[in-house]
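Just so it is clear, the structure is predicted and the values come from calculations on it, not from any experiment. Heavy-atom basis, side chains included; hydrogens, waters and symmetry copies ignored. When a ligand or atom number is given, it counts from 1 through the structure's own listing order.
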Amino acid sequence: MNQFVIKGGTPLSGSVDIGGAKNAALGLVAAAIMTDDDVILDNLPDVNDINVMLDAIEGIGARVERIDRHAVRINGSTIGAYSVDYDYIKKIRASYYLLGALLGKYKKAEVALPGGCAIGARPIDLHLKGFRALGAMVDTKYGLVSAEAERLTGGHIYMDKVSVGATINILMTAALAEGKTIIENAAKEPHVVDVANFLNSMGANIRGAGTDVIRIVGVDRLHGTEYSVIPDQIEAGTFMCAAAATHGDITVKNIIPKHMEAISAKLLEVGCRIAEYDDAIRVKASGCEFSHTQVTTLPYPGFPTDMQPQMTVVLGLASGTSTVTESIFENRFKYVDELRRMGGQVQVESNIAIITGVECYTGARVSAPDLRAGAALVVAGLAAPEGITIVDDIHYILRGYETFDAKLRGLGADIRMAESERDIRKFVLQVS
Ligand code: UD1
(Lines give C-alpha, C1' and ligand atoms only; values in the text may rest on other atoms or scores of the structure.)
Protein backbone atom coordinates (compact mmCIF):
# COMPACT_ATOMS: atom_id res chain seq x y z
CA MET A 1 0.00 0.00 0.00
CA ASN A 2 1.51 3.36 -1.03
CA GLN A 3 1.80 6.49 1.07
CA PHE A 4 2.47 10.14 0.45
CA VAL A 5 5.35 11.39 2.58
CA ILE A 6 5.56 15.15 2.97
CA LYS A 7 8.02 17.59 4.47
CA GLY A 8 5.89 20.71 4.63
CA GLY A 9 6.58 24.36 5.18
CA THR A 10 7.54 25.40 1.64
CA PRO A 11 5.22 28.05 0.15
CA LEU A 12 4.04 26.69 -3.21
CA SER A 13 5.03 28.78 -6.21
CA GLY A 14 4.81 28.59 -10.00
CA SER A 15 2.01 27.27 -12.19
CA VAL A 16 0.14 24.02 -12.57
CA ASP A 17 -1.94 22.62 -15.44
CA ILE A 18 -5.31 21.25 -14.45
CA GLY A 19 -6.59 18.08 -16.14
CA GLY A 20 -10.02 17.04 -17.37
CA ALA A 21 -12.85 16.79 -14.86
CA LYS A 22 -13.15 13.29 -13.41
CA ASN A 23 -16.84 13.63 -12.59
CA ALA A 24 -17.70 14.92 -16.07
CA ALA A 25 -15.61 12.22 -17.73
CA LEU A 26 -17.44 9.47 -15.80
CA GLY A 27 -20.71 10.62 -17.38
CA LEU A 28 -19.16 11.08 -20.83
CA VAL A 29 -17.60 7.60 -20.96
CA ALA A 30 -20.98 6.06 -20.06
CA ALA A 31 -22.86 8.24 -22.59
CA ALA A 32 -20.30 7.38 -25.30
CA ILE A 33 -21.75 3.87 -25.63
CA MET A 34 -25.15 5.30 -26.61
CA THR A 35 -24.18 5.40 -30.29
CA ASP A 36 -22.91 2.65 -32.58
CA ASP A 37 -20.45 5.10 -34.15
CA ASP A 38 -16.94 5.94 -32.92
CA VAL A 39 -16.66 8.52 -30.15
CA ILE A 40 -13.33 10.18 -29.43
CA LEU A 41 -12.91 11.67 -25.97
CA ASP A 42 -9.99 13.97 -25.27
CA ASN A 43 -8.66 15.64 -22.09
CA LEU A 44 -9.66 12.52 -20.18
CA PRO A 45 -7.91 12.41 -16.79
CA ASP A 46 -5.70 9.36 -16.28
CA VAL A 47 -7.08 8.50 -12.84
CA ASN A 48 -8.28 5.24 -11.37
CA ASP A 49 -12.02 6.04 -11.46
CA ILE A 50 -11.93 6.71 -15.20
CA ASN A 51 -9.88 3.61 -15.91
CA VAL A 52 -12.42 1.51 -13.98
CA MET A 53 -15.27 3.09 -15.99
CA LEU A 54 -13.45 2.25 -19.24
CA ASP A 55 -13.02 -1.35 -17.98
CA ALA A 56 -16.73 -1.44 -17.13
CA ILE A 57 -17.81 -0.53 -20.67
CA GLU A 58 -15.28 -2.99 -22.11
CA GLY A 59 -16.75 -5.56 -19.72
CA ILE A 60 -20.14 -5.30 -21.47
CA GLY A 61 -18.56 -5.50 -24.93
CA ALA A 62 -17.71 -1.94 -26.02
CA ARG A 63 -14.43 -1.40 -27.89
CA VAL A 64 -12.04 0.93 -26.10
CA GLU A 65 -8.87 2.05 -27.81
CA ARG A 66 -6.35 4.29 -26.10
CA ILE A 67 -5.13 6.95 -28.51
CA ASP A 68 -2.78 8.48 -25.95
CA ARG A 69 -2.68 9.03 -22.20
CA HIS A 70 -5.61 11.47 -22.31
CA ALA A 71 -7.57 10.40 -25.39
CA VAL A 72 -9.63 7.33 -26.11
CA ARG A 73 -11.76 6.00 -28.96
CA ILE A 74 -14.94 4.22 -27.82
CA ASN A 75 -17.28 2.16 -29.96
CA GLY A 76 -20.50 0.84 -28.44
CA SER A 77 -21.72 -1.14 -31.47
CA THR A 78 -20.33 -4.41 -30.11
CA ILE A 79 -22.12 -4.29 -26.75
CA GLY A 80 -23.63 -7.68 -26.05
CA ALA A 81 -24.60 -7.48 -22.37
CA TYR A 82 -26.81 -5.07 -20.49
CA SER A 83 -25.71 -6.05 -17.04
CA VAL A 84 -22.90 -4.32 -15.13
CA ASP A 85 -21.63 -6.32 -12.21
CA TYR A 86 -20.85 -5.48 -8.64
CA ASP A 87 -17.07 -5.51 -9.17
CA TYR A 88 -17.31 -2.20 -11.02
CA ILE A 89 -19.99 -0.58 -8.90
CA LYS A 90 -18.09 -1.33 -5.71
CA LYS A 91 -15.04 0.42 -7.15
CA ILE A 92 -16.94 3.44 -8.49
CA ARG A 93 -20.52 4.31 -7.66
CA ALA A 94 -20.75 6.34 -10.86
CA SER A 95 -20.90 3.13 -12.89
CA TYR A 96 -24.64 3.58 -12.21
CA TYR A 97 -24.48 5.97 -15.18
CA LEU A 98 -24.49 2.82 -17.30
CA LEU A 99 -28.04 2.23 -16.13
CA GLY A 100 -29.22 5.46 -17.82
CA ALA A 101 -27.06 4.91 -20.91
CA LEU A 102 -28.04 1.26 -21.49
CA LEU A 103 -31.71 1.86 -20.71
CA GLY A 104 -31.82 4.75 -23.20
CA LYS A 105 -30.10 2.81 -25.98
CA TYR A 106 -31.27 -0.81 -25.49
CA LYS A 107 -34.38 -0.22 -23.35
CA LYS A 108 -32.99 -2.53 -20.71
CA ALA A 109 -30.23 -2.45 -18.13
CA GLU A 110 -29.16 -4.13 -14.95
CA VAL A 111 -26.60 -2.73 -12.53
CA ALA A 112 -25.59 -3.82 -9.03
CA LEU A 113 -27.14 -1.60 -6.38
CA PRO A 114 -24.53 0.76 -5.00
CA GLY A 115 -24.08 0.49 -1.24
CA GLY A 116 -23.46 3.28 1.24
CA CYS A 117 -20.06 4.84 1.09
CA ALA A 118 -17.59 6.68 3.23
CA ILE A 119 -19.29 10.07 2.94
CA GLY A 120 -22.93 9.16 3.57
CA ALA A 121 -25.91 6.96 2.72
CA ARG A 122 -26.15 8.00 -0.96
CA PRO A 123 -29.49 6.52 -2.09
CA ILE A 124 -30.48 6.33 -5.79
CA ASP A 125 -34.24 6.73 -5.38
CA LEU A 126 -34.30 9.88 -7.55
CA HIS A 127 -32.57 8.09 -10.44
CA LEU A 128 -35.19 5.33 -10.28
CA LYS A 129 -38.08 7.78 -9.99
CA GLY A 130 -36.83 9.41 -13.20
CA PHE A 131 -36.58 6.11 -15.11
CA ARG A 132 -40.12 5.21 -14.03
CA ALA A 133 -41.39 8.59 -15.22
CA LEU A 134 -39.95 7.75 -18.65
CA GLY A 135 -41.97 4.53 -18.76
CA ALA A 136 -39.44 1.99 -17.48
CA MET A 137 -40.30 -0.83 -15.10
CA VAL A 138 -37.71 -0.65 -12.36
CA ASP A 139 -37.03 -3.41 -9.88
CA THR A 140 -34.49 -3.78 -7.11
CA LYS A 141 -33.92 -7.38 -6.10
CA TYR A 142 -30.98 -9.58 -5.06
CA GLY A 143 -28.71 -6.53 -4.85
CA LEU A 144 -29.46 -5.50 -8.45
CA VAL A 145 -31.37 -2.65 -10.05
CA SER A 146 -33.03 -3.65 -13.27
CA ALA A 147 -34.85 -1.31 -15.58
CA GLU A 148 -36.71 -2.27 -18.73
CA ALA A 149 -39.17 -0.64 -21.10
CA GLU A 150 -40.95 -1.60 -24.27
CA ARG A 151 -41.15 2.09 -25.12
CA LEU A 152 -39.54 5.02 -23.37
CA THR A 153 -41.69 8.12 -23.48
CA GLY A 154 -40.90 11.64 -22.31
CA GLY A 155 -42.11 12.68 -18.87
CA HIS A 156 -42.25 15.58 -16.44
CA ILE A 157 -39.89 14.96 -13.54
CA TYR A 158 -39.57 17.09 -10.43
CA MET A 159 -36.44 16.26 -8.44
CA ASP A 160 -37.21 16.40 -4.72
CA LYS A 161 -33.55 17.04 -4.03
CA VAL A 162 -30.88 18.47 -6.33
CA SER A 163 -28.88 15.46 -7.51
CA VAL A 164 -26.02 15.54 -9.99
CA GLY A 165 -26.09 11.79 -10.61
CA ALA A 166 -29.87 11.56 -11.06
CA THR A 167 -29.95 14.58 -13.40
CA ILE A 168 -27.23 13.09 -15.63
CA ASN A 169 -28.73 9.59 -15.59
CA ILE A 170 -32.22 10.85 -16.51
CA LEU A 171 -31.00 13.14 -19.27
CA MET A 172 -29.10 10.27 -20.88
CA THR A 173 -32.18 8.05 -20.97
CA ALA A 174 -34.50 10.88 -22.01
CA ALA A 175 -32.20 11.76 -24.94
CA LEU A 176 -33.44 8.58 -26.68
CA ALA A 177 -37.00 8.50 -25.30
CA GLU A 178 -39.96 9.42 -27.54
CA GLY A 179 -41.23 12.96 -27.04
CA LYS A 180 -40.44 15.68 -24.58
CA THR A 181 -38.99 15.37 -21.06
CA ILE A 182 -38.76 18.18 -18.54
CA ILE A 183 -36.49 17.86 -15.50
CA GLU A 184 -37.31 20.43 -12.84
CA ASN A 185 -35.02 21.30 -9.93
CA ALA A 186 -32.18 19.82 -12.00
CA ALA A 187 -28.56 20.00 -10.83
CA LYS A 188 -26.60 22.86 -12.46
CA GLU A 189 -23.06 21.56 -11.91
CA PRO A 190 -20.54 22.11 -14.73
CA HIS A 191 -20.41 18.37 -15.37
CA VAL A 192 -24.19 18.22 -15.94
CA VAL A 193 -23.71 20.88 -18.63
CA ASP A 194 -20.76 18.96 -20.07
CA VAL A 195 -22.74 15.72 -20.43
CA ALA A 196 -25.63 17.66 -22.05
CA ASN A 197 -23.25 19.41 -24.50
CA PHE A 198 -21.64 16.08 -25.31
CA LEU A 199 -24.99 14.40 -26.02
CA ASN A 200 -26.02 17.41 -28.15
CA SER A 201 -22.78 16.97 -30.14
CA MET A 202 -24.03 13.40 -30.78
CA GLY A 203 -27.34 14.69 -32.14
CA ALA A 204 -29.41 14.90 -28.93
CA ASN A 205 -31.80 17.81 -28.35
CA ILE A 206 -31.20 19.03 -24.78
CA ARG A 207 -31.86 22.64 -23.75
CA GLY A 208 -31.45 24.44 -20.45
CA ALA A 209 -28.57 22.45 -18.90
CA GLY A 210 -26.96 24.75 -16.36
CA THR A 211 -30.36 26.08 -15.25
CA ASP A 212 -32.77 24.26 -12.97
CA VAL A 213 -35.14 23.30 -15.79
CA ILE A 214 -33.77 21.01 -18.49
CA ARG A 215 -35.89 20.25 -21.57
CA ILE A 216 -35.10 17.23 -23.70
CA VAL A 217 -36.74 16.26 -26.96
CA GLY A 218 -35.93 12.62 -27.65
CA VAL A 219 -34.25 11.62 -30.94
CA ASP A 220 -34.21 8.23 -32.72
CA ARG A 221 -30.48 7.76 -32.68
CA LEU A 222 -27.22 9.38 -31.65
CA HIS A 223 -24.13 9.64 -33.86
CA GLY A 224 -20.40 9.68 -33.26
CA THR A 225 -18.48 12.74 -32.08
CA GLU A 226 -15.14 14.11 -30.94
CA TYR A 227 -15.27 15.89 -27.61
CA SER A 228 -12.92 17.36 -25.04
CA VAL A 229 -13.71 17.02 -21.31
CA ILE A 230 -14.04 20.29 -19.31
CA PRO A 231 -11.31 21.17 -16.78
CA ASP A 232 -11.62 19.77 -13.27
CA GLN A 233 -13.11 22.35 -10.90
CA ILE A 234 -12.20 20.32 -7.81
CA GLU A 235 -8.61 19.56 -8.81
CA ALA A 236 -8.16 23.29 -9.48
CA GLY A 237 -9.78 24.21 -6.17
CA THR A 238 -7.55 21.78 -4.31
CA PHE A 239 -4.41 23.45 -5.73
CA MET A 240 -5.85 26.88 -4.89
CA CYS A 241 -6.31 25.77 -1.27
CA ALA A 242 -2.79 24.29 -1.23
CA ALA A 243 -1.43 27.67 -2.35
CA ALA A 244 -3.44 29.39 0.39
CA ALA A 245 -2.51 26.98 3.19
CA THR A 246 1.22 27.20 2.39
CA HIS A 247 1.07 31.01 1.97
CA GLY A 248 2.30 30.50 -1.56
CA ASP A 249 1.69 32.16 -4.90
CA ILE A 250 0.56 29.94 -7.75
CA THR A 251 -1.34 30.11 -11.03
CA VAL A 252 -3.74 27.29 -11.85
CA LYS A 253 -3.95 27.02 -15.61
CA ASN A 254 -6.34 25.45 -18.13
CA ILE A 255 -9.45 26.09 -16.06
CA ILE A 256 -12.79 27.87 -16.47
CA PRO A 257 -12.63 30.69 -13.85
CA LYS A 258 -16.46 30.94 -13.80
CA HIS A 259 -16.60 27.41 -12.34
CA MET A 260 -14.28 28.51 -9.53
CA GLU A 261 -16.29 31.52 -8.32
CA ALA A 262 -17.54 30.07 -5.02
CA ILE A 263 -14.03 28.90 -4.11
CA SER A 264 -12.31 32.11 -5.23
CA ALA A 265 -14.85 34.17 -3.24
CA LYS A 266 -14.16 32.28 -0.01
CA LEU A 267 -10.37 32.43 -0.43
CA LEU A 268 -10.70 36.16 -1.04
CA GLU A 269 -12.81 36.51 2.11
CA VAL A 270 -10.17 34.63 4.10
CA GLY A 271 -7.52 37.09 2.94
CA CYS A 272 -5.87 35.66 -0.20
CA ARG A 273 -5.37 37.79 -3.28
CA ILE A 274 -7.01 36.37 -6.39
CA ALA A 275 -6.43 37.39 -10.01
CA GLU A 276 -8.59 35.93 -12.78
CA TYR A 277 -7.47 35.50 -16.38
CA ASP A 278 -9.26 33.97 -19.38
CA ASP A 279 -8.37 30.40 -18.49
CA ALA A 280 -6.31 30.71 -15.31
CA ILE A 281 -6.47 31.99 -11.74
CA ARG A 282 -3.58 33.24 -9.62
CA VAL A 283 -3.81 32.74 -5.87
CA LYS A 284 -1.36 34.83 -3.87
CA ALA A 285 -1.26 34.16 -0.15
CA SER A 286 2.34 35.10 0.61
CA GLY A 287 2.44 37.70 3.36
CA CYS A 288 -1.35 37.51 3.82
CA GLU A 289 -2.97 37.22 7.27
CA PHE A 290 -6.00 34.93 7.22
CA SER A 291 -9.24 35.80 8.96
CA HIS A 292 -12.13 33.53 9.87
CA THR A 293 -15.25 33.04 7.78
CA GLN A 294 -18.35 30.86 7.34
CA VAL A 295 -18.77 28.29 4.59
CA THR A 296 -21.85 26.22 3.73
CA THR A 297 -21.73 23.54 1.07
CA LEU A 298 -24.52 23.79 -1.50
CA PRO A 299 -25.31 22.55 -5.00
CA TYR A 300 -23.67 24.60 -7.80
CA PRO A 301 -23.21 27.56 -7.97
CA GLY A 302 -22.81 27.20 -4.19
CA PHE A 303 -19.64 26.08 -2.46
CA PRO A 304 -18.95 22.46 -3.57
CA THR A 305 -19.10 19.72 -0.95
CA ASP A 306 -16.07 18.18 -2.72
CA MET A 307 -14.02 21.23 -1.62
CA GLN A 308 -15.22 21.20 1.99
CA PRO A 309 -12.27 19.33 3.58
CA GLN A 310 -9.63 21.36 1.67
CA MET A 311 -11.31 24.64 2.72
CA THR A 312 -11.51 23.46 6.34
CA VAL A 313 -7.74 22.94 6.26
CA VAL A 314 -7.26 26.56 5.10
CA LEU A 315 -9.68 27.90 7.73
CA GLY A 316 -7.79 25.94 10.38
CA LEU A 317 -4.98 28.46 9.83
CA ALA A 318 -7.17 31.60 10.00
CA SER A 319 -7.44 33.74 13.10
CA GLY A 320 -10.65 33.45 15.13
CA THR A 321 -13.42 30.90 14.83
CA SER A 322 -14.74 29.74 11.46
CA THR A 323 -17.62 27.40 10.73
CA VAL A 324 -18.12 24.97 7.88
CA THR A 325 -21.63 23.57 7.41
CA GLU A 326 -21.96 20.42 5.33
CA SER A 327 -25.44 20.33 3.81
CA ILE A 328 -25.06 17.65 1.12
CA PHE A 329 -23.54 14.52 2.70
CA GLU A 330 -24.01 13.61 6.34
CA ASN A 331 -20.71 11.88 6.95
CA ARG A 332 -18.10 14.13 5.44
CA PHE A 333 -16.10 15.12 8.52
CA LYS A 334 -14.29 11.83 9.07
CA TYR A 335 -10.93 13.46 8.41
CA VAL A 336 -11.34 15.86 11.32
CA ASP A 337 -9.83 13.41 13.85
CA GLU A 338 -6.80 13.10 11.57
CA LEU A 339 -6.50 16.88 11.22
CA ARG A 340 -6.58 17.19 15.01
CA ARG A 341 -3.60 14.83 15.16
CA MET A 342 -1.81 17.43 13.03
CA GLY A 343 -2.60 20.16 15.54
CA GLY A 344 -5.87 21.40 14.00
CA GLN A 345 -8.51 22.61 16.43
CA VAL A 346 -11.81 21.48 14.98
CA GLN A 347 -14.98 20.33 16.75
CA VAL A 348 -17.84 18.77 14.86
CA GLU A 349 -21.38 19.27 16.04
CA SER A 350 -23.96 17.59 13.88
CA ASN A 351 -23.20 18.84 10.34
CA ILE A 352 -21.12 21.85 11.41
CA ALA A 353 -17.38 21.98 11.94
CA ILE A 354 -16.32 24.70 14.35
CA ILE A 355 -12.73 25.64 13.62
CA THR A 356 -10.45 27.62 15.88
CA GLY A 357 -7.46 28.79 13.88
CA VAL A 358 -3.95 27.67 14.88
CA GLU A 359 -0.59 29.16 13.88
CA CYS A 360 0.42 26.07 11.90
CA TYR A 361 -0.09 22.33 11.57
CA THR A 362 2.52 19.78 12.59
CA GLY A 363 3.46 16.67 10.62
CA ALA A 364 1.86 13.36 11.71
CA ARG A 365 0.99 9.96 10.31
CA VAL A 366 -2.62 10.12 9.15
CA SER A 367 -4.94 8.07 7.04
CA ALA A 368 -7.07 9.26 4.08
CA PRO A 369 -10.72 8.38 4.82
CA ASP A 370 -11.94 9.24 1.30
CA LEU A 371 -10.84 10.99 -1.90
CA ARG A 372 -11.26 14.71 -1.09
CA ALA A 373 -10.48 14.34 2.62
CA GLY A 374 -7.29 12.55 1.61
CA ALA A 375 -6.30 15.46 -0.63
CA ALA A 376 -7.06 17.86 2.23
CA LEU A 377 -4.73 15.96 4.56
CA VAL A 378 -1.98 16.29 1.94
CA VAL A 379 -2.65 20.06 1.87
CA ALA A 380 -2.37 20.14 5.69
CA GLY A 381 0.92 18.23 5.44
CA LEU A 382 2.27 20.75 2.93
CA ALA A 383 1.38 23.50 5.42
CA ALA A 384 3.12 21.81 8.38
CA PRO A 385 6.61 23.30 8.79
CA GLU A 386 7.63 20.89 11.54
CA GLY A 387 7.70 17.12 11.40
CA ILE A 388 6.93 14.75 8.56
CA THR A 389 3.43 13.93 7.38
CA ILE A 390 2.72 10.43 6.13
CA VAL A 391 -0.68 9.95 4.48
CA ASP A 392 -1.82 6.32 4.36
CA ASP A 393 -4.60 4.87 2.16
CA ILE A 394 -3.74 7.13 -0.77
CA HIS A 395 -5.56 4.80 -3.15
CA TYR A 396 -8.54 7.05 -2.44
CA ILE A 397 -6.59 10.11 -3.61
CA LEU A 398 -5.39 8.34 -6.76
CA ARG A 399 -9.03 7.76 -7.75
CA GLY A 400 -9.33 11.44 -8.63
CA TYR A 401 -5.96 13.21 -8.88
CA GLU A 402 -3.57 12.49 -11.73
CA THR A 403 0.12 12.67 -10.76
CA PHE A 404 -0.83 14.68 -7.66
CA ASP A 405 2.61 14.42 -6.08
CA ALA A 406 4.46 15.30 -9.32
CA LYS A 407 2.27 18.37 -9.86
CA LEU A 408 2.93 19.47 -6.26
CA ARG A 409 6.67 18.90 -6.69
CA GLY A 410 6.46 21.13 -9.77
CA LEU A 411 5.27 23.86 -7.39
CA GLY A 412 8.22 23.31 -5.05
CA ALA A 413 6.63 20.91 -2.55
CA ASP A 414 8.69 18.22 -0.89
CA ILE A 415 6.40 15.22 -1.38
CA ARG A 416 7.13 11.66 -2.43
CA MET A 417 5.06 8.58 -3.05
CA ALA A 418 6.51 5.78 -0.91
CA GLU A 419 6.01 2.13 -1.74
CA SER A 420 7.31 0.69 1.52
CA GLU A 421 8.26 1.57 5.09
CA ARG A 422 11.85 1.50 3.82
CA ASP A 423 11.02 4.26 1.28
CA ILE A 424 9.49 6.32 4.07
CA ARG A 425 12.61 5.97 6.25
CA LYS A 426 14.80 6.93 3.30
CA PHE A 427 12.76 10.09 2.64
CA VAL A 428 12.81 11.05 6.33
CA LEU A 429 16.61 10.68 6.41
CA GLN A 430 16.98 12.77 3.23
CA VAL A 431 14.94 15.68 4.52
CA SER A 432 16.04 15.63 8.18
C1 UD1 B 1 -21.79 13.82 -7.39
C2 UD1 B 1 -20.29 13.81 -7.46
C3 UD1 B 1 -19.70 13.94 -6.06
C4 UD1 B 1 -20.24 15.20 -5.40
C5 UD1 B 1 -21.77 15.22 -5.45
C6 UD1 B 1 -22.37 16.52 -4.94
C7 UD1 B 1 -19.89 12.42 -9.38
C8 UD1 B 1 -19.41 11.14 -9.93
N9 UD1 B 1 -19.89 12.54 -8.07
O10 UD1 B 1 -22.20 12.70 -6.62
O11 UD1 B 1 -18.28 14.01 -6.19
O12 UD1 B 1 -19.83 15.20 -4.04
O13 UD1 B 1 -22.23 15.04 -6.80
O14 UD1 B 1 -21.88 17.58 -5.68
O15 UD1 B 1 -20.21 13.34 -10.12
N16 UD1 B 1 -29.64 11.90 -3.18
C17 UD1 B 1 -30.84 11.28 -2.83
N18 UD1 B 1 -31.38 10.40 -3.75
C19 UD1 B 1 -30.81 10.14 -4.94
C20 UD1 B 1 -29.60 10.78 -5.28
C21 UD1 B 1 -29.04 11.66 -4.38
O22 UD1 B 1 -31.37 11.50 -1.75
O23 UD1 B 1 -31.37 9.34 -5.72
C24 UD1 B 1 -29.02 12.84 -2.24
C25 UD1 B 1 -27.63 12.43 -1.76
O26 UD1 B 1 -27.69 11.56 -0.66
C27 UD1 B 1 -27.02 13.77 -1.40
C28 UD1 B 1 -27.63 14.72 -2.44
O29 UD1 B 1 -28.80 14.07 -2.92
O30 UD1 B 1 -27.43 14.18 -0.11
C31 UD1 B 1 -26.73 15.08 -3.59
O32 UD1 B 1 -26.20 13.89 -4.15
P33 UD1 B 1 -25.82 13.78 -5.69
O34 UD1 B 1 -25.75 15.14 -6.29
O35 UD1 B 1 -26.71 12.79 -6.34
O36 UD1 B 1 -24.36 13.19 -5.63
P37 UD1 B 1 -23.69 12.20 -6.65
O38 UD1 B 1 -24.24 12.41 -8.01
O39 UD1 B 1 -23.71 10.81 -6.09
Side-chain angles (χ1 to χ4, degrees), residues 20-31 45 47-50 52-53 56 88-89 91-101 111 113-133 138 140 145 147 157-173 183 185-196 212 229-230 232-235 237-238 259 262-263 296-311 325-334 351 370-376 396-397 399-401:
K22 169 188 84 85
N23 286 348
L26 286 167
L28 300 187
V29 170
V47 294
N48 288 353
D49 273 18
I50 300 304
V52 172
M53 190 61 139
Y88 298 114
I89 206 94
K91 287 188 197 144
I92 49 160
R93 284 178 52 83
S95 43
Y96 58 43
Y97 284 145
L98 291 170
L99 206 51
V111 170
L113 197 58
C117 100
I119 60 174
R122 307 187 82 173
I124 60 160
D125 54 309
L126 297 170
H127 303 232
L128 306 188
K129 176 182 160 182
F131 298 144
R132 287 193 182 105
V138 180
T140 53
V145 191
I157 300 156
Y158 178 82
M159 308 280 257
D160 305 307
K161 214 170 174 182
V162 178
S163 162
V164 173
T167 304
I168 291 178
N169 236 340
I170 296 165
L171 73 81
M172 287 197 287
T173 307
I183 308 176
N185 200 25
K188 297 181 280 210
E189 267 67 4
H191 39 302
V192 173
V193 179
D194 209 35
V195 174
D212 48 19
V229 184
I230 50 162
D232 198 311
Q233 174 205 32
I234 306 299
E235 187 195 12
T238 303
H259 294 168
I263 301 158
T296 301
T297 63
L298 286 169
Y300 189 83
F303 191 90
T305 171
D306 285 2
M307 282 302 301
Q308 179 260 102
Q310 304 87 313
M311 194 66 202
T325 305
E326 172 55 62
S327 76
I328 313 278
F329 292 114
E330 67 271 24
N331 203 2
R332 226 171 175 175
F333 284 123
K334 289 215 296 203
N351 64 333
D370 60 67
L371 164 60
R372 305 304 173 187
Y396 285 115
I397 303 175
R399 286 180 45 189
Y401 292 88

Taking only heavy atoms of I124 into account, list the atoms of ligand 1 that are under 4.0 Å away from them.
19 (C), 23 (O)

Residue pair V138 / V145: nearest heavy atoms and the distance that separates them:
CG1-CG1, 4.0 Å

Enumerated ligand 1 atoms positioned under 4.0 Å from heavy atoms of Y96
37 (P), 38 (O), 39 (O)

Salt-bridge present (R332, D306; N to O < 4.0 Å)
yes

Tightest non-hydrogen contact, residues I170 and L126, listed as CD1-O, 3.9 Å

Numbered in order shown, the ligand 1 atoms found under 4.0 Å of a heavy atom of N23 are 2 (C), 3 (C), 7 (C), 8 (C), 9 (N), 11 (O), 15 (O)

Is there a donor-acceptor pair closer than 3.5 Å between any side-chain N or O of N185 and the backbone N or O of Y158?
no

Please check this pair: side chain of E189 against backbone of V192, looking for a donor-acceptor N/O pair closer than 3.5 Å.
no

Please answer whether the main-chain N or O of E326 pairs with a side-chain N or O of N351 as donor and acceptor at a distance below 3.5 Å.
yes

Close-contact set for ligand 1 against G165 heavy atoms, below 4.0 Å:
35 (O), 38 (O)

Using distance alone, determine whether A166 and ligand 1 share an N or O pair under 3.5 Å.
no

Consider every N or O of V164 and every N or O of ligand 1, then say whether any pair is closer than 3.5 Å.
yes

Atoms in ligand 1 with a heavy atom of T305 nearer than 4.0 Å
6 (C), 12 (O), 14 (O)

Options S327, P123, A21, P304, ranked by nearest heavy atom to atom 22 (O) of ligand 1, top entry
P123

Purely on distance, is any nitrogen or oxygen of F329 under 3.5 Å from one on ligand 1?
no

Going by the atom numbers of ligand 1, which of them fall below 4.0 Å from some non-hydrogen atom of H191?
15 (O)

If you compare all heavy atoms of M53 against all heavy atoms of A94, which two are closest, and at what distance to 0.1 Å?
CE-O, 3.4 Å

Determine yes or no for a side-chain-to-main-chain donor-acceptor pair under 3.5 angstrom, with N169 supplying the side chain and G100 the backbone.
yes

Out of L128, D306, D49, indicate the one that has the non-hydrogen atom closest to atom 3 (C) of ligand 1.
D306

A student checking ligand 1 against L26 at a 4.0 Å heavy-atom cut-off should list atoms 8 (C)

Looking only at heavy atoms of V162, does any of them come nearer than 4.0 Å to an atom of ligand 1?
yes

Which atom pair, heavy atoms only, marks the closest approach of P301 to K188?
CD-CE, 4.2 Å

Go through ligand 1 atom by atom and flag the ones less than 4.0 Å from a non-hydrogen atom of R332.
12 (O)

Any heavy atom of E326 under 4.0 Å from ligand 1? The part involved is neither

Is it the side chain, the backbone, both or neither of D125 that has a heavy atom closer than 4.0 Å to ligand 1?
both

Tell me the closest heavy-atom pair linking A101 and A30, and the distance in Å.
CB-O, 3.5 Å

